[in-house]
2 protein chains.
Amino acid sequence: MARPREFDPEAVREAAIRCFWTRGYEATSIKELLEETGLTAASLYNAFGDKQTLFRIAFEHYIETGINARLRHFERLPPRQAIEGFVEDTVQRSLGDAQHKGCMVVNSALELAPHDAQVRAAITEVFERIESFFLRCVRAGQVDGTINAALSARNLARSLTTVLMGLRVLARVRPEKALLEGATAPVLALLAPAGQ
Amino acid sequence: MARPREFDPEAVREAAIRCFWTRGYEATSIKELLEETGLTAASLYNAFGDKQTLFRIAFEHYIETGINARLRHFERLPPRQAIEGFVEDTVQRSLGDAQHKGCMVVNSALELAPHDAQVRAAITEVFERIESFFLRCVRAGQVDGTINAALSARNLARSLTTVLMGLRVLARVRPEKALLEGATAPVLALLAPAGQ
DNA sequence: GCAATTTTATAATGATTATTCTATAATTCA
DNA sequence: TGAATTATAGAATAATCATTATAAAATTGC
(Lines give C-alpha, C1' and ligand atoms only; values in the text may rest on other atoms or scores of the structure.)
Protein backbone atom coordinates (compact mmCIF):
# COMPACT_ATOMS: atom_id res chain seq x y z
CA MET A 1 0.00 0.00 0.00
CA ALA A 2 3.09 2.20 -0.06
CA ARG A 3 6.68 2.44 -1.09
CA PRO A 4 8.63 -0.62 0.04
CA ARG A 5 11.78 -0.18 2.12
CA GLU A 6 15.03 -0.70 0.31
CA PHE A 7 17.03 -2.12 3.23
CA ASP A 8 16.98 -5.44 5.05
CA PRO A 9 15.90 -4.80 8.67
CA GLU A 10 17.84 -7.86 9.86
CA ALA A 11 21.05 -6.59 8.26
CA VAL A 12 20.49 -3.22 9.92
CA ARG A 13 19.99 -4.96 13.26
CA GLU A 14 23.26 -6.86 12.78
CA ALA A 15 25.09 -3.66 11.90
CA ALA A 16 23.67 -1.99 15.01
CA ILE A 17 24.86 -4.91 17.13
CA ARG A 18 28.36 -4.55 15.68
CA CYS A 19 28.43 -0.83 16.55
CA PHE A 20 27.01 -1.06 20.07
CA TRP A 21 29.00 -4.19 20.88
CA THR A 22 32.30 -2.64 19.83
CA ARG A 23 31.96 0.85 21.27
CA GLY A 24 29.10 0.69 23.75
CA TYR A 25 25.94 2.76 23.75
CA GLU A 26 27.13 6.29 24.51
CA ALA A 27 30.23 6.17 22.34
CA THR A 28 28.27 5.00 19.29
CA SER A 29 26.96 8.01 17.38
CA ILE A 30 24.01 8.07 15.02
CA LYS A 31 26.49 9.05 12.32
CA GLU A 32 28.43 5.82 12.87
CA LEU A 33 25.22 3.82 12.82
CA LEU A 34 24.22 5.44 9.52
CA GLU A 35 27.60 4.63 7.99
CA GLU A 36 27.58 1.03 9.22
CA THR A 37 23.97 0.39 8.21
CA GLY A 38 24.04 2.41 4.98
CA LEU A 39 20.75 4.05 5.93
CA THR A 40 19.86 7.71 5.98
CA ALA A 41 18.77 9.32 9.22
CA ALA A 42 15.17 9.55 8.07
CA SER A 43 15.01 5.83 7.24
CA LEU A 44 16.58 4.77 10.50
CA TYR A 45 14.29 6.94 12.61
CA ASN A 46 11.26 5.97 10.57
CA ALA A 47 11.94 2.27 10.94
CA PHE A 48 13.37 2.00 14.45
CA GLY A 49 12.27 5.03 16.45
CA ASP A 50 15.29 6.47 18.23
CA LYS A 51 18.78 5.42 19.31
CA GLN A 52 17.55 3.89 22.55
CA THR A 53 14.94 1.76 20.80
CA LEU A 54 17.45 0.61 18.20
CA PHE A 55 19.79 -0.38 21.01
CA ARG A 56 17.10 -2.40 22.74
CA ILE A 57 16.25 -4.23 19.52
CA ALA A 58 19.93 -4.99 18.89
CA PHE A 59 20.48 -6.01 22.51
CA GLU A 60 17.51 -8.38 22.64
CA HIS A 61 18.76 -10.08 19.50
CA TYR A 62 22.27 -10.35 20.89
CA ILE A 63 20.87 -12.01 24.01
CA GLU A 64 18.91 -14.49 21.93
CA THR A 65 21.76 -15.49 19.62
CA GLY A 66 24.78 -14.86 21.86
CA ILE A 67 23.42 -16.30 25.13
CA ASN A 68 20.14 -18.18 24.91
CA ALA A 69 21.07 -20.19 21.83
CA ARG A 70 24.36 -21.21 23.42
CA LEU A 71 22.65 -22.23 26.66
CA ARG A 72 20.17 -24.36 24.71
CA HIS A 73 23.06 -25.99 22.85
CA PHE A 74 25.07 -26.96 25.91
CA GLU A 75 21.99 -27.93 27.88
CA ARG A 76 21.65 -30.99 25.68
CA LEU A 77 25.00 -32.43 26.84
CA PRO A 78 25.55 -34.57 29.96
CA PRO A 79 25.63 -32.15 32.94
CA ARG A 80 29.35 -32.10 33.71
CA GLN A 81 30.19 -31.69 30.03
CA ALA A 82 27.53 -28.99 29.68
CA ILE A 83 29.21 -26.92 32.39
CA GLU A 84 32.73 -27.47 31.12
CA GLY A 85 31.63 -26.91 27.54
CA PHE A 86 29.93 -23.61 28.27
CA VAL A 87 32.85 -22.28 30.30
CA GLU A 88 35.45 -23.43 27.80
CA ASP A 89 33.42 -22.02 24.93
CA THR A 90 33.40 -18.65 26.70
CA VAL A 91 37.18 -18.82 27.08
CA GLN A 92 37.58 -19.70 23.40
CA ARG A 93 35.33 -16.84 22.34
CA SER A 94 37.33 -14.44 24.45
CA LEU A 95 40.61 -15.64 22.97
CA GLY A 96 39.27 -15.45 19.43
CA ASP A 97 37.90 -11.94 19.90
CA ALA A 98 40.52 -9.92 18.03
CA GLN A 99 38.84 -6.58 18.78
CA HIS A 100 38.41 -7.39 22.50
CA LYS A 101 34.69 -6.60 22.28
CA GLY A 102 33.94 -8.94 25.16
CA CYS A 103 30.33 -9.83 25.91
CA MET A 104 27.70 -7.23 25.08
CA VAL A 105 25.65 -8.20 28.15
CA VAL A 106 28.58 -7.77 30.53
CA ASN A 107 29.56 -4.51 28.84
CA SER A 108 26.01 -3.20 29.14
CA ALA A 109 25.76 -4.40 32.73
CA LEU A 110 28.41 -1.85 33.62
CA GLU A 111 27.59 0.95 31.20
CA LEU A 112 23.79 0.97 31.28
CA ALA A 113 22.27 -1.25 33.97
CA PRO A 114 22.79 1.18 36.85
CA HIS A 115 20.97 4.00 35.04
CA ASP A 116 18.43 2.21 32.85
CA ALA A 117 15.84 0.04 34.60
CA GLN A 118 14.70 -1.66 31.40
CA VAL A 119 18.22 -2.74 30.44
CA ARG A 120 18.88 -3.81 34.01
CA ALA A 121 15.80 -6.03 33.96
CA ALA A 122 16.93 -7.69 30.74
CA ILE A 123 20.41 -8.30 32.13
CA THR A 124 19.07 -9.62 35.44
CA GLU A 125 17.06 -12.12 33.44
CA VAL A 126 20.18 -13.22 31.55
CA PHE A 127 22.20 -13.62 34.73
CA GLU A 128 19.41 -15.61 36.35
CA ARG A 129 19.10 -17.80 33.28
CA ILE A 130 22.83 -18.57 33.32
CA GLU A 131 22.73 -19.29 37.04
CA SER A 132 19.80 -21.64 36.65
CA PHE A 133 21.48 -23.37 33.71
CA PHE A 134 24.45 -24.07 35.95
CA LEU A 135 22.16 -25.05 38.82
CA ARG A 136 20.29 -27.63 36.75
CA CYS A 137 23.58 -29.05 35.49
CA VAL A 138 25.12 -29.27 38.96
CA ARG A 139 22.06 -30.97 40.43
CA ALA A 140 21.86 -33.45 37.57
CA GLY A 141 25.58 -34.13 37.89
CA GLN A 142 25.24 -34.71 41.62
CA VAL A 143 22.49 -37.23 40.91
CA ASP A 144 24.37 -39.14 38.21
CA GLY A 145 27.62 -39.06 40.20
CA THR A 146 29.72 -36.92 37.89
CA ILE A 147 29.73 -33.93 40.27
CA ASN A 148 30.66 -33.81 43.95
CA ALA A 149 27.37 -34.08 45.85
CA ALA A 150 28.83 -32.66 49.07
CA LEU A 151 28.90 -29.12 47.67
CA SER A 152 26.06 -26.61 47.70
CA ALA A 153 24.57 -26.74 44.20
CA ARG A 154 23.22 -23.21 44.49
CA ASN A 155 26.56 -21.75 45.55
CA LEU A 156 28.43 -23.68 42.88
CA ALA A 157 26.08 -22.31 40.24
CA ARG A 158 26.62 -18.78 41.54
CA SER A 159 30.35 -19.26 41.64
CA LEU A 160 30.41 -20.51 38.05
CA THR A 161 28.32 -17.54 36.93
CA THR A 162 30.70 -15.17 38.68
CA VAL A 163 33.76 -16.75 37.11
CA LEU A 164 32.13 -16.36 33.71
CA MET A 165 31.61 -12.61 34.28
CA GLY A 166 35.13 -12.24 35.61
CA LEU A 167 36.55 -13.92 32.51
CA ARG A 168 34.82 -11.35 30.33
CA VAL A 169 36.38 -8.52 32.30
CA LEU A 170 39.88 -9.98 32.35
CA ALA A 171 39.74 -10.84 28.66
CA ARG A 172 39.09 -7.24 27.62
CA VAL A 173 42.40 -6.25 29.18
CA ARG A 174 44.54 -9.39 29.16
CA PRO A 175 43.19 -11.88 26.61
CA GLU A 176 45.86 -14.47 27.36
CA LYS A 177 45.24 -18.19 26.97
CA ALA A 178 47.20 -19.25 30.05
CA LEU A 179 45.44 -16.67 32.19
CA LEU A 180 41.88 -17.48 31.16
CA GLU A 181 42.34 -21.24 31.15
CA GLY A 182 44.25 -21.12 34.42
CA ALA A 183 41.48 -19.09 36.01
CA THR A 184 38.83 -21.65 35.16
CA ALA A 185 40.80 -24.77 36.04
CA PRO A 186 40.40 -24.74 39.84
CA VAL A 187 36.66 -24.11 39.69
CA LEU A 188 36.10 -26.84 37.13
CA ALA A 189 38.32 -29.20 39.16
CA LEU A 190 36.16 -28.44 42.17
CA LEU A 191 33.26 -30.19 40.46
CA ALA A 192 34.99 -33.58 40.57
CA PRO A 193 33.42 -36.15 42.94
CA ALA A 194 35.26 -36.77 46.21
CA GLY A 195 36.65 -40.15 45.11
CA GLN A 196 38.45 -38.82 42.01
CA MET B 1 54.78 35.45 42.71
CA ALA B 2 51.24 35.38 41.34
CA ARG B 3 47.62 35.13 42.25
CA PRO B 4 47.01 32.07 44.48
CA ARG B 5 44.37 29.53 43.47
CA GLU B 6 41.17 29.60 45.44
CA PHE B 7 40.38 25.88 45.31
CA ASP B 8 41.86 22.81 46.95
CA PRO B 9 43.33 20.55 44.24
CA GLU B 10 42.76 17.45 46.36
CA ALA B 11 39.08 18.28 46.79
CA VAL B 12 38.80 18.77 43.05
CA ARG B 13 40.44 15.40 42.48
CA GLU B 14 37.96 13.77 44.85
CA ALA B 15 35.05 15.43 43.09
CA ALA B 16 36.38 14.22 39.74
CA ILE B 17 36.63 10.67 41.11
CA ARG B 18 32.99 10.85 42.25
CA CYS B 19 31.87 11.95 38.77
CA PHE B 20 33.91 9.49 36.72
CA TRP B 21 33.25 6.63 39.14
CA THR B 22 29.49 7.14 39.07
CA ARG B 23 28.92 7.81 35.38
CA GLY B 24 32.08 6.67 33.61
CA TYR B 25 34.33 8.76 31.39
CA GLU B 26 32.19 9.47 28.32
CA ALA B 27 28.97 10.13 30.18
CA THR B 28 30.61 12.65 32.49
CA SER B 29 30.50 16.11 30.91
CA ILE B 30 32.78 19.03 31.66
CA LYS B 31 29.66 20.87 32.83
CA GLU B 32 29.03 18.19 35.47
CA LEU B 33 32.65 18.33 36.55
CA LEU B 34 32.44 22.11 36.93
CA GLU B 35 29.28 21.81 39.02
CA GLU B 36 30.71 19.06 41.23
CA THR B 37 34.07 20.75 41.70
CA GLY B 38 32.76 24.31 41.91
CA LEU B 39 35.45 25.45 39.48
CA THR B 40 35.07 27.51 36.34
CA ALA B 41 36.15 26.05 33.02
CA ALA B 42 39.21 28.30 32.86
CA SER B 43 40.40 27.19 36.30
CA LEU B 44 39.91 23.53 35.59
CA TYR B 45 41.72 23.66 32.26
CA ASN B 46 44.46 25.85 33.65
CA ALA B 47 45.12 23.51 36.55
CA PHE B 48 44.53 20.06 35.06
CA GLY B 49 44.92 20.28 31.29
CA ASP B 50 41.99 18.57 29.64
CA LYS B 51 39.30 16.02 30.47
CA GLN B 52 41.53 13.07 29.69
CA THR B 53 44.31 14.31 31.94
CA LEU B 54 41.89 14.99 34.77
CA PHE B 55 40.55 11.47 34.40
CA ARG B 56 44.03 9.98 34.58
CA ILE B 57 44.82 11.96 37.72
CA ALA B 58 41.56 10.85 39.32
CA PHE B 59 42.04 7.26 38.19
CA GLU B 60 45.59 6.99 39.50
CA HIS B 61 44.43 8.26 42.89
CA TYR B 62 41.50 5.83 42.93
CA ILE B 63 43.93 2.98 42.25
CA GLU B 64 46.18 4.09 45.08
CA THR B 65 43.45 4.49 47.69
CA GLY B 66 40.87 1.99 46.45
CA ILE B 67 43.18 -0.89 45.51
CA ASN B 68 46.81 -0.53 46.58
CA ALA B 69 46.04 0.64 50.11
CA ARG B 70 43.63 -2.25 50.60
CA LEU B 71 46.16 -4.77 49.30
CA ARG B 72 48.79 -3.43 51.67
CA HIS B 73 46.33 -3.70 54.53
CA PHE B 74 45.34 -7.31 53.96
CA GLU B 75 48.88 -8.34 53.07
CA ARG B 76 49.81 -7.97 56.73
CA LEU B 77 47.39 -10.72 57.82
CA PRO B 78 48.17 -14.47 57.86
CA PRO B 79 47.83 -15.70 54.24
CA ARG B 80 44.52 -17.53 54.43
CA GLN B 81 42.93 -14.65 56.33
CA ALA B 82 44.42 -12.17 53.89
CA ILE B 83 42.67 -13.88 50.98
CA GLU B 84 39.37 -14.30 52.78
CA GLY B 85 39.55 -10.78 54.14
CA PHE B 86 40.15 -9.17 50.79
CA VAL B 87 37.38 -11.12 49.08
CA GLU B 88 34.91 -10.53 51.88
CA ASP B 89 35.80 -6.87 52.01
CA THR B 90 35.02 -6.63 48.31
CA VAL B 91 31.64 -8.26 48.90
CA GLN B 92 30.92 -5.87 51.76
CA ARG B 93 31.86 -2.87 49.65
CA SER B 94 29.59 -4.04 46.88
CA LEU B 95 26.68 -4.53 49.28
CA GLY B 96 27.21 -1.14 50.88
CA ASP B 97 27.41 0.65 47.55
CA ALA B 98 23.98 2.29 47.44
CA GLN B 99 24.55 3.85 44.03
CA HIS B 100 25.89 0.62 42.50
CA LYS B 101 29.01 2.42 41.31
CA GLY B 102 31.02 -0.80 41.43
CA CYS B 103 34.80 -0.63 41.09
CA MET B 104 36.22 2.18 39.00
CA VAL B 105 38.99 -0.08 37.69
CA VAL B 106 36.58 -2.75 36.51
CA ASN B 107 34.28 -0.12 35.02
CA SER B 108 37.18 1.46 33.17
CA ALA B 109 38.45 -1.95 32.07
CA LEU B 110 35.32 -2.29 29.97
CA GLU B 111 34.73 1.31 28.93
CA LEU B 112 38.25 2.52 28.21
CA ALA B 113 40.87 -0.24 28.21
CA PRO B 114 40.09 -1.53 24.70
CA HIS B 115 40.53 1.92 23.14
CA ASP B 116 43.10 3.63 25.36
CA ALA B 117 46.52 2.04 25.66
CA GLN B 118 47.58 4.15 28.63
CA VAL B 119 44.50 3.22 30.67
CA ARG B 120 44.87 -0.41 29.64
CA ALA B 121 48.45 -0.42 30.90
CA ALA B 122 47.37 0.98 34.27
CA ILE B 123 44.60 -1.60 34.58
CA THR B 124 46.87 -4.46 33.53
CA GLU B 125 49.19 -3.40 36.33
CA VAL B 126 46.33 -3.47 38.84
CA PHE B 127 45.17 -6.90 37.72
CA GLU B 128 48.70 -8.24 37.90
CA ARG B 129 49.16 -6.75 41.34
CA ILE B 130 45.97 -8.40 42.60
CA GLU B 131 46.98 -11.72 41.06
CA SER B 132 50.40 -11.57 42.65
CA PHE B 133 48.89 -10.62 46.01
CA PHE B 134 46.78 -13.77 45.84
CA LEU B 135 49.74 -15.77 44.59
CA ARG B 136 51.96 -14.76 47.50
CA CYS B 137 49.16 -15.56 49.94
CA VAL B 138 48.43 -18.95 48.43
CA ARG B 139 52.09 -19.94 48.42
CA ALA B 140 52.58 -18.81 52.00
CA GLY B 141 49.42 -20.65 53.04
CA GLN B 142 50.61 -23.81 51.33
CA VAL B 143 53.86 -23.56 53.27
CA ASP B 144 52.26 -22.97 56.67
CA GLY B 145 49.60 -25.62 56.06
CA THR B 146 46.51 -23.39 56.00
CA ILE B 147 45.95 -23.84 52.26
CA ASN B 148 45.71 -27.05 50.25
CA ALA B 149 49.19 -27.61 48.80
CA ALA B 150 47.93 -29.99 46.11
CA LEU B 151 46.44 -27.15 44.05
CA SER B 152 48.25 -24.99 41.52
CA ALA B 153 49.04 -21.75 43.33
CA ARG B 154 49.17 -19.82 40.08
CA ASN B 155 45.77 -21.06 38.90
CA LEU B 156 44.21 -20.46 42.30
CA ALA B 157 45.45 -16.89 42.27
CA ARG B 158 44.02 -16.39 38.80
CA SER B 159 40.74 -17.93 39.80
CA LEU B 160 40.45 -15.68 42.84
CA THR B 161 41.20 -12.63 40.71
CA THR B 162 38.53 -13.67 38.24
CA VAL B 163 35.93 -14.20 40.95
CA LEU B 164 36.71 -10.72 42.26
CA MET B 165 36.05 -9.17 38.83
CA GLY B 166 32.90 -11.22 38.43
CA LEU B 167 31.59 -10.02 41.78
CA ARG B 168 31.94 -6.42 40.63
CA VAL B 169 29.92 -7.14 37.51
CA LEU B 170 27.16 -9.05 39.29
CA ALA B 171 26.92 -6.47 42.04
CA ARG B 172 26.14 -3.64 39.63
CA VAL B 173 23.02 -5.51 38.53
CA ARG B 174 22.08 -7.75 41.45
CA PRO B 175 23.71 -6.47 44.66
CA GLU B 176 22.22 -9.23 46.80
CA LYS B 177 23.98 -10.56 49.90
CA ALA B 178 23.05 -14.20 49.36
CA LEU B 179 24.21 -14.07 45.75
CA LEU B 180 27.59 -12.47 46.35
CA GLU B 181 28.42 -14.45 49.47
CA GLY B 182 27.19 -17.66 47.87
CA ALA B 183 29.36 -17.03 44.84
CA THR B 184 32.52 -16.71 46.91
CA ALA B 185 31.88 -19.62 49.27
CA PRO B 186 32.95 -22.53 47.02
CA VAL B 187 36.17 -20.86 45.93
CA LEU B 188 37.13 -19.95 49.48
CA ALA B 189 36.21 -23.48 50.62
CA LEU B 190 38.50 -24.80 47.91
CA LEU B 191 41.47 -23.33 49.78
CA ALA B 192 41.02 -25.67 52.75
CA PRO B 193 43.77 -28.30 53.20
CA ALA B 194 42.85 -31.84 52.15
CA GLY B 195 42.50 -33.11 55.71
CA GLN B 196 39.81 -30.57 56.72
C1' DG C 1 53.40 51.17 44.81
C1' DC C 2 54.72 49.01 40.46
C1' DA C 3 55.96 45.24 37.23
C1' DA C 4 55.38 40.50 36.61
C1' DT C 5 52.66 36.48 36.94
C1' DT C 6 48.90 33.48 37.56
C1' DT C 7 44.03 32.70 38.62
C1' DT C 8 39.66 33.86 37.80
C1' DA C 9 35.07 35.09 35.47
C1' DT C 10 32.53 35.45 31.37
C1' DA C 11 31.65 34.69 26.93
C1' DA C 12 32.56 32.76 22.71
C1' DT C 13 34.24 29.01 19.84
C1' DG C 14 33.52 25.43 16.31
C1' DA C 15 32.45 20.69 16.31
C1' DT C 16 29.38 17.15 17.12
C1' DT C 17 25.21 15.38 19.22
C1' DA C 18 20.40 13.24 18.37
C1' DT C 19 16.47 14.31 15.98
C1' DT C 20 13.17 16.33 12.57
C1' DC C 21 11.47 19.02 8.41
C1' DT C 22 10.69 19.33 3.44
C1' DA C 23 10.25 17.53 -0.64
C1' DT C 24 10.56 13.81 -3.83
C1' DA C 25 10.24 8.93 -5.10
C1' DA C 26 8.07 4.52 -5.18
C1' DT C 27 4.68 1.58 -4.35
C1' DT C 28 -0.65 -0.52 -3.69
C1' DC C 29 -5.48 -0.40 -3.99
C1' DA C 30 -9.31 1.32 -6.39
C1' DT D 1 -4.69 6.45 -14.15
C1' DG D 2 -5.12 8.55 -9.65
C1' DA D 3 -5.46 8.84 -4.53
C1' DA D 4 -3.29 7.26 -0.51
C1' DT D 5 0.62 5.83 1.89
C1' DT D 6 5.22 5.06 3.15
C1' DA D 7 10.32 5.46 2.20
C1' DT D 8 13.86 8.09 0.88
C1' DA D 9 17.34 11.90 0.32
C1' DG D 10 19.27 15.99 1.98
C1' DA D 11 19.26 19.87 4.64
C1' DA D 12 18.22 22.03 8.87
C1' DT D 13 17.63 22.27 13.92
C1' DA D 14 18.55 23.21 18.57
C1' DA D 15 21.25 21.41 22.17
C1' DT D 16 25.31 20.04 24.03
C1' DC D 17 30.12 18.82 23.65
C1' DA D 18 35.14 20.03 25.00
C1' DT D 19 37.99 23.77 24.73
C1' DT D 20 39.86 28.58 24.45
C1' DA D 21 40.10 33.88 24.02
C1' DT D 22 39.62 38.17 26.59
C1' DA D 23 40.03 40.82 30.24
C1' DA D 24 39.71 41.77 35.16
C1' DA D 25 41.40 40.40 39.83
C1' DA D 26 44.76 38.99 43.17
C1' DT D 27 49.00 38.01 44.65
C1' DT D 28 54.63 38.29 44.94
C1' DG D 29 59.16 40.35 44.76
C1' DC D 30 61.28 44.57 44.22
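Numbers restart at 1 for each chain; the letters A, B, ... are given by sequence-line order, proteins then strands. A quick note: this is a predicted structure, and the numbers were derived from the prediction, not measured.
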Student: Does a side chain donor of either A/Asn107 or A/Arg172 reach within less than 3.5 Å of an acceptor in the other side chain?
Tutor: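 Short answer, yes.
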Student: If you assign each of B/Glu6 and B/Ile30 to its closest nucleotide in DNA chain D, which residue comes earlier from the 5' end?
Tutor: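 Mapping each residue to its closest nucleotide by heavy atoms, the 5'-most match is B/Ile30.
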Student: Take the protein atom CZ of B/Phe48 and the nucleotide atom P of D/dA18, then report the distance between them rounded to whole Å.
Tutor: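 Between P of D/dA18 and CZ of B/Phe48: 17 Å.
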Student: Ignoring hydrogens and angles, state whether a donor on the side chain of A/His61 or A/Glu14 is under 3.5 Å from an acceptor on the partner side chain.
Tutor: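 Present: a donor and an acceptor within the cut-off.
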Student: Please tell me whether B/Phe133 and B/Phe86 form a close aromatic pair, meaning their ring centres lie under 6.0 Å apart.
Tutor: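 Yes: the rings meet the under 6.0 Å criterion.
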Student: Which is true for B/Ala41 with a 4.0 Å heavy-atom rule: it touches a base, it touches only sugar-phosphate, or it touches nothing?
Tutor: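 Counting heavy atoms under 4.0 Å across all strands, the contact made by B/Ala41 includes a base.
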Student: Consider the side chain of A/Asn46, meaning its heavy atoms from C-beta on, and name the nucleotide among D/dC17, D/dT8, D/dT19 that approaches it most closely.
Tutor: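 Of all the options, the side chain of A/Asn46 is nearest to D/dT8.
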Student: Find the distance A/Lys51:NZ to C/dT16:C1' and express it as a whole number of Å.
Tutor: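 Value for this atom pair: 12 Å.
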Student: Does A/Tyr45 have a side-chain nitrogen or oxygen under 4.0 Å from the phosphate oxygens OP1 or OP2 of C/dT20?
Tutor: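 Answer no for this pair, as no side-chain N or O of A/Tyr45 is under 4.0 Å from OP1 or OP2.
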Student: Once you round it to whole Å, what is the distance between P of D/dT20 and CG of B/Asp50?
Tutor: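 Distance, rounded to whole Å: 8 Å.
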Student: From the options C/dA18, D/dT19, D/dA9, select the nucleotide whose nearest atom is closest to the side chain of A/Ala42.
Tutor: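 From the listed options, D/dA9 comes nearest.
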Student: Between atom CZ in B/Arg5 and atom C1' in D/dA25, what is the gap in whole Å?
Tutor: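 After rounding, the reported distance stands at 16 Å.
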Student: Can you tell me if the side-chain N/O atoms of A/Thr40 get under 4.0 Å from OP1 or OP2 in D/dT8?
Tutor: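 Checking A/Thr40 against D/dT8: no side-chain N or O falls below 4.0 Å of OP1 or OP2.
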Student: In whole angstrom, give the distance that lies between atom CG of B/Leu39 and atom C1' of D/dT19.
Tutor: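 Atom CG in B/Leu39 sits about 15 Å away from atom C1' in D/dT19.
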Student: Provide, to the nearest angstrom, the distance between the CG atom belonging to A/Leu34 and the P atom belonging to C/dT20.
Tutor: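 My rounded result for the distance is 14 Å.
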Student: Starting at atom CD of B/Gln52, determine the distance to atom P of D/dC17, rounded to an integer number of angstrom.
Tutor: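 Between P of D/dC17 and CD of B/Gln52: 18 Å.
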Student: Do B/Pro186 and A/Leu190 have side chains that approach each other closer than 4.5 Å (heavy atoms only, starting at C-beta)?
Tutor: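 Sidechains of A/Leu190 and B/Pro186: in contact.
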Student: On the nucleotide D/dA7, are OP1 or OP2 found under 4.0 Å from the side-chain N or O atoms that A/Ser43 carries?
Tutor: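 The answer is no; no side-chain N or O of A/Ser43 sits under 4.0 Å from OP1 or OP2.
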Student: For A/Phe7 and D/dA9, give me the distance from atom CZ to atom P, rounded to whole Å.
Tutor: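 Atom CZ in A/Phe7 sits about 10 Å away from atom P in D/dA9.
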Student: Judged by modelled atom types alone, do B/Ser43 and B/Asn46 share a side-chain donor-acceptor pair under 3.5 Å?
Tutor: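 Result is no, nothing qualifies.
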